[in-house]
Structures are given as C-alpha cells and as structure tokens.
Amino acid sequence: MTAEIISGTEIRKAILAEVKEEVDQMKEKHGKVPGLVTILVGSSPASISYVTLKVKTAISLGFHEIQDDQPEDISEEDLLALIDKYNNDPDIHGILVQLPLPKHIDDKKILVAINPDKDVDAFHPVNVGRLMIGGEEAIFHPCTPAGIQEMIVRSGTETSGAEVVVVGRSNIVGKPIAMMMAQKGVGANATVTIVHTRTKDLAAHCKRADILIVAAGVPGLVKPEWIKPGSTVIDVGVNRIGMNEKTGKAILSGDVDFNAAKEIAGKITPVPGGVGPMTIAMLMKNTLKSAQYALK
Ligand code: GUN
C-alpha cells in the first residue's frame, strides 16, 4: 500500500493560522504583538531569500517586524552593539541573526550575545542546555527539529515507546531531535538511537525504526529495503541533484529514495514540501511564545 504523505505545506498552513489567531487575541487583550528582528549581514542570495520569506511571513501574521540589513564589512563590535540594542528593546521578542556570517565575524560570539529569552532559533548554549533538561525549562526548541516533531504528532504517529532512529548528528537537527524524542511528554517518550558516518551497520538500525528521521545530507542514502513496513519516515535532506533547464530551478532530492520508500512506509514526508516549509512556521511559533512569556 502506498504511504500517507505528510505534507509540510499543509501543516505549515494550519500552524500559521493558529499563530495568527493567537496574535489577534494578544493584540485585543494586551494591545501588543510579537516583535521579531531579522539581522542579515551581507548579500548572499540564499540568505536574502530565506530572510525575505521570514519577514513576509512575520508581517502576514501581524507581527512587529524589523528587517535590519547590515553591510558585509560590519565589524564584530558593531554587530554585538546591534544585538545589545535589540536585547534591550521591549517590543522585540525574537532576534534572528541569519547564518552563515562573513568570515571575519565569530558566529559563536554573536550567538551567545543574544538574550537566551529572545533566542528564537534556540542556538544559544543556554537554550541547548534547557532542551537537554526538558519540560518547562525548554522555552524554545530549534525550528527544524520542532517542525519534525510537529509533523510526527499531527500525522497521528505514536511516539510513546516507539523505536526512533535518527540518521545524522548535527547540532541543528540530529542531536536536538534525538533529545526531544527521548524526553517525557507529548510526541516524545521514544527509545532513540543516533546513527552516523561511523556507525557499523546503518541498515540494521534503520530496519528497526518505527520512526526514521534522516538528516544526513546524502541523496538516496537510505535504501528502500532499510525501511520497516508501515513506519513513519521523515526526510530532512534537501539536496540539489541537478537543474531543470526549462525553469532554471534546482531539482531537489531528499536523503531517502522517496518513490520506492513510499511503497513500504506507512507515512512519509516528501522533498520538497515536507520538513522544509515547517522551519519558518516554527520560528513564528517561537516568537509568539517569547512574546507570551514576556507578557506573563
Ligand atoms: N541559515 C540557514 N538556516 C538558518 C536558521 O534556521 N537560522 C539562522 N539564524 N540562520 C540560518
């Protein structure tokens, strides 16, 4: 039987509608809206397109949005001063510094300068620690893992006691999603294994997975025969495998052979249209959450 497709595009729509409703309520009750600043240094086309989408989405939800573009040659000192300004701005609840930064700037130094309570990317070590502790401590979850967990929950996949196998151990996806799935709570309580480039028998681990989360950045890494029949497969890979000559757009492929895998899995995310669209929705949710905390 063909797997149910978990559409990130559809789930994003639902989440954004929920966020918009809460923003409207906040405005009515408190006369305030969530405030997000996006800081873009330089003019990398990819970064510009990501930031533009974040800004447009924030505005569409009624957020107070500041797009603070800075020249490529801004000094580290000036960038730190800018962050300090927004750390102390009560109308700003989320500060996002688009990565990567130019080479002369130490991104670790920049990320730790952001007030952890405004760190809607959840990249600050304090938020990484809070995620590890779990429960009420974890105010923000990083956006891509949060999107993955939301897709698992909204697709009706049982996580309690499930075998979750995470392929990849990055700081942005693999490590945090593994920790989140192992925590106590909704969409969690799973038994988690992280596999990576040094794992001896990747296939054997994947075959056990009730929920297989693949974030390796290797097109077609997971073979169809590694997928447990009826399992939920979340493909985080976004790999450019060519160019459509007619449209001039990149042809994208995930880390899983989607066409073959959908005949075995119970539920599966497509690429594109799967995890990708979820990230910005979760950024908006984090910013809303931050504003709600500030009003408490
Ligand atoms: N660059 C690519 N993805 C991201 C992201 O999620 N957050 C930030 N700050 N920069 C990025």
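We count ligands from 1, going down the list as the structure has it; atoms in each ligand are counted the same way. Just so you know, these numbers use all the heavy atoms, side chains as well, and skip hydrogens, waters and symmetry mates. Along the sequence shown, the residues carry numbers beginning at 1.
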Every pair of nitrogen or oxygen atoms between ligand 1 and the protein that is under 3.5 angstrom apart - can you list them with their distances to 0.1 Å?
unit_1	atom_1	unit_2	atom_2	d
ligand 1	1 (N)	Q98	NE2	3.1
ligand 1	1 (N)	L99	O	2.9
ligand 1	7 (N)	D121	OD1	3.1
ligand 1	7 (N)	D121	OD2	3.3
ligand 1	9 (N)	V97	O	2.8
ligand 1	9 (N)	D121	OD2	2.6
ligand 1	10 (N)	L99	N	3.0

Any donor-acceptor pair under 3.5 Å from N127 side chain to A122 backbone
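Absent.
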Salt bridge (Lys or Arg N to Asp or Glu O under 4.0 Å) involving D121 - partner list, sequence neighbours excluded:
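Once residues adjacent in sequence are excluded, D121 has no partner under the salt bridge (Lys or Arg N to Asp or Glu O under 4.0 Å) criterion.
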Quick one: which of N239, V238, V233 gives a side-chain contact (heavy atoms from CB on, under 4.5 Å) with D255?
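Of the listed residues N239, V238, V233, the side-chain contact (heavy atoms from CB on, under 4.5 Å) partner of D255 is N239.
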Hydrogens and angles aside, do T52 and Q67 bring a side-chain donor and acceptor to less than 3.5 Å of each other?
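Their side chains do not contain a donor-acceptor pair, so the 3.5 Å distance test is not met.
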Kindly write out the residues that satisfy side-chain hydrogen bond (donor to acceptor under 3.5 Å, both in side chains) with K262, not counting sequence neighbours, or none if the list is empty.
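Testing K262 for side-chain hydrogen bond (donor to acceptor under 3.5 Å, both in side chains), a comparison that skips the adjacent residues, returns none.
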For I194, enumerate each residue passing the side-chain contact (heavy atoms from CB on, under 4.5 Å) test, keeping only those at least two apart in sequence or located in another chain.
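Scan of I194 (side-chain contact (heavy atoms from CB on, under 4.5 Å), adjacent residues dropped) gives R169, A178.
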